[in-house]
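Okay, structure first, notes after.
For this chain, numbers begin at 1 and follow the sequence in order. Any value given below was found using the heavy atoms of this structure, including those in side chains, with hydrogens, waters and symmetry copies removed.
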Amino acid sequence: MWPCLLFALTLLHAVPTSHPAPHQPQAVPAAKAILQPRYAVVNKLRTYSGAQKYCQDVYRGQLASVHSASRNEDLRKLARTYTYHAVWIGAVTSCKAGQWESHWEDSSPWNYANWAPTFPHHIVNTCTTLSTRDGLWRSRICYQLRPFICQY
């Protein structure tokens, strides 16, 4: 009788081998697909902080960060289809601990730059524009009104 009882209990608690038990953790894929950001050129004139707020409020994103020459050229071409004016991107140059440095507002690594000659300026904190004409970056006073590129 004991073997029959053990067999019955085993059947009552058995879980098909094709379905893991609910309390067992599921395997996590080793690498998840990296989502590419999407971009929107906004042809409304805003200060840098106004552009940043617009990107957050409307797109739940931020001003674009640029990490390669090919991305820089893609964004230049995209912006050129909407405006001939230089557009804000998400870089700021400021003095920290006595050293001037540029950084992306989205905290991504500073691993690419495309400054025009003599830029960035190291006099006051500045924001960065991407020229739709030549693709070069220039530091500008952050209160200027410009179109911008949102990344989301």
Side-chain angles (χ1 to χ4, degrees), residues 13-152:
H13 293 99
V15 177
T17 57
S18 61
H19 301 298
H23 65 280
Q24 293 177 346
Q26 296 287 328
V28 177
K32 291 186 176 184
I34 297 172
L35 296 175
Q36 293 297 319
R38 296 178 7 191
Y39 299 94
V41 174
V42 179
N43 206 10
K44 297 179 181 202
L45 301 180
R46 298 282 191 271
T47 63
Y48 183 88
S49 62
Q52 185 72 290
K53 183 169 177 12
Y54 186 97
C55 291
Q56 291 167 352
D57 292 348
V58 174
Y59 293 99
R60 297 181 190 263
Q62 61 273 328
L63 288 169
S65 58
V66 185
H67 299 282
S68 69
S70 62
R71 178 61 48 85
N72 193 75
E73 181 61 12
D74 290 346
L75 292 178
R76 183 197 69 80
K77 288 177 182 176
L78 176 65
R80 184 69 180 234
T81 63
Y82 295 93
T83 183
Y84 288 102
H85 298 285
V87 294
W88 291 125
I89 57 174
V92 174
T93 301
S94 58
C95 188
K96 292 186 180 180
Q99 294 290 326
W100 287 95
E101 67 177 44
S102 299
H103 67 275
W104 295 112
E105 294 253 89
D106 67 0
S107 300
S108 60
W110 187 264
N111 54 7
Y112 173 79
N114 195 36
W115 295 109
T118 75
F119 287 90
H121 292 308
H122 295 149
I123 300 169
V124 296
N125 291 355
T126 57
C127 298
T128 306
T129 62
L130 167 66
S131 169
T132 58
R133 184 178 42 83
D134 59 17
L136 295 175
W137 302 354
R138 291 171 175 84
S139 51
R140 300 290 185 212
I141 302 297
C142 301
Y143 296 109
Q144 291 181 350
L145 297 175
R146 298 189 170 276
F148 50 96
I149 303 176
C150 294
Q151 168 184 306
Y152 58 101

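Atoms OG1 and OH, on Thr126 and Tyr48 in that order, are 10.0 Å from each other to the nearest 0.5 Å. In this structure, the separation between SG on Cys142 and CD on Gln52 is 11.0 Å, given to the nearest 0.5 Å. With rounding to the nearest 0.5 Å, the separation of CG in Leu63 from CD in Gln56 is 8.5 Å. From Cys95, atom SG reaches atom CD of Gln99 across 7.5 Å, with rounding to the nearest 0.5 Å. We find the CZ-SG distance between Arg60 and Cys55 to be 13.5 Å, quoted to the nearest 0.5 Å. Atom-to-atom distance recorded for Arg76:CZ and Asn114:CG is 11.0 Å, nearest 0.5 angstrom.
With respect to Phe148, the ring-ring contact (aromatic ring centres under 6.0 Å, His included) criterion is satisfied by exactly one of Tyr59, Tyr54, Trp88: Tyr54. For the side-chain contact (heavy atoms from CB on, under 4.5 Å) criterion with Val41, the lone passing option out of Ile149, Thr81, Leu75 is Ile149.
If you look at Trp104 and His67, their ring centroids are closer than 6.0 Å. The distance between the ring centers of Tyr112 and Trp137 falls below 6.0 angstrom.
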Kindly determine whether Asn72 and Leu130 satisfy side chain to side chain contact (heavy atoms under 4.5 Å, CB included), including the steps that lead there.
CA-CA 8 Å; Asn72 193 75; Leu130 167 66; 3.5 Å; yes
Test Thr128 against Arg140 for side chain to side chain contact (heavy atoms under 4.5 Å, CB included), laying out the working first.
CA-CA 6 Å; Thr128 306; Arg140 300 290 185 212; over 6 Å; no
Between Gln144 and Thr47, is a side chain to side chain contact (heavy atoms under 4.5 Å, CB included) present by the stated rule, with each step listed?
CA-CA 5 Å; Gln144 291 181 350; Thr47 63; over 6 Å; no
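The 12-atom threshold is not exceeded at OH of Tyr82, counting heavy atoms of other residues, nucleotides or ligands nearer than 6.0 Å. The neighbour count for His85 NE2, taken as heavy atoms of other residues, nucleotides or ligands under 6.0 Å away, does not exceed 12.
Within the 4.5 Å cutoff, no side-chain heavy atoms of Tyr143 are placed close to those of Ser49. Contact of the Asp106 side chain with the Gln151 side chain is registered, since non-hydrogen atoms from C-beta on lie closer than 4.5 Å. At a threshold of 4.5 Å between non-hydrogen side-chain atoms, the residues His122 and Ser139 do not count as touching. Contact annotation: the side chain of Glu105 approaches that of Val92 to within less than 4.5 Å [non-hydrogen atoms, C-beta and beyond]. Side-chain contact check for Arg71 versus Pro37: some heavy-atom pair is nearer than 4.5 Å. The shortest distance between side-chain heavy atoms of Ile89 and Ser65 does not fall below 4.5 Å. Side-chain contact check for Cys150 versus Tyr39: every heavy-atom pair is 4.5 Å or farther apart.
With sequence neighbours excluded, no residue forms a salt bridge (Lys or Arg N to Asp or Glu O under 4.0 Å) with Arg46. The ring pair (Phe, Tyr, Trp, His ring centres under 6.0 Å) test applied to Phe119 returns His121, not counting sequence neighbours.
Here the side chain of Glu101 pairs no donor or acceptor atom with the backbone of Thr93 at under 3.5 angstrom. Although no hydrogens or angles enter the test, the distance criterion places a donor-acceptor pair under 3.5 Å between the side chain of Arg80 and the main chain of Thr132.
Smallest separation of non-hydrogen atoms from Pro120 and Ser102: CG-OG, 4.2 Å.
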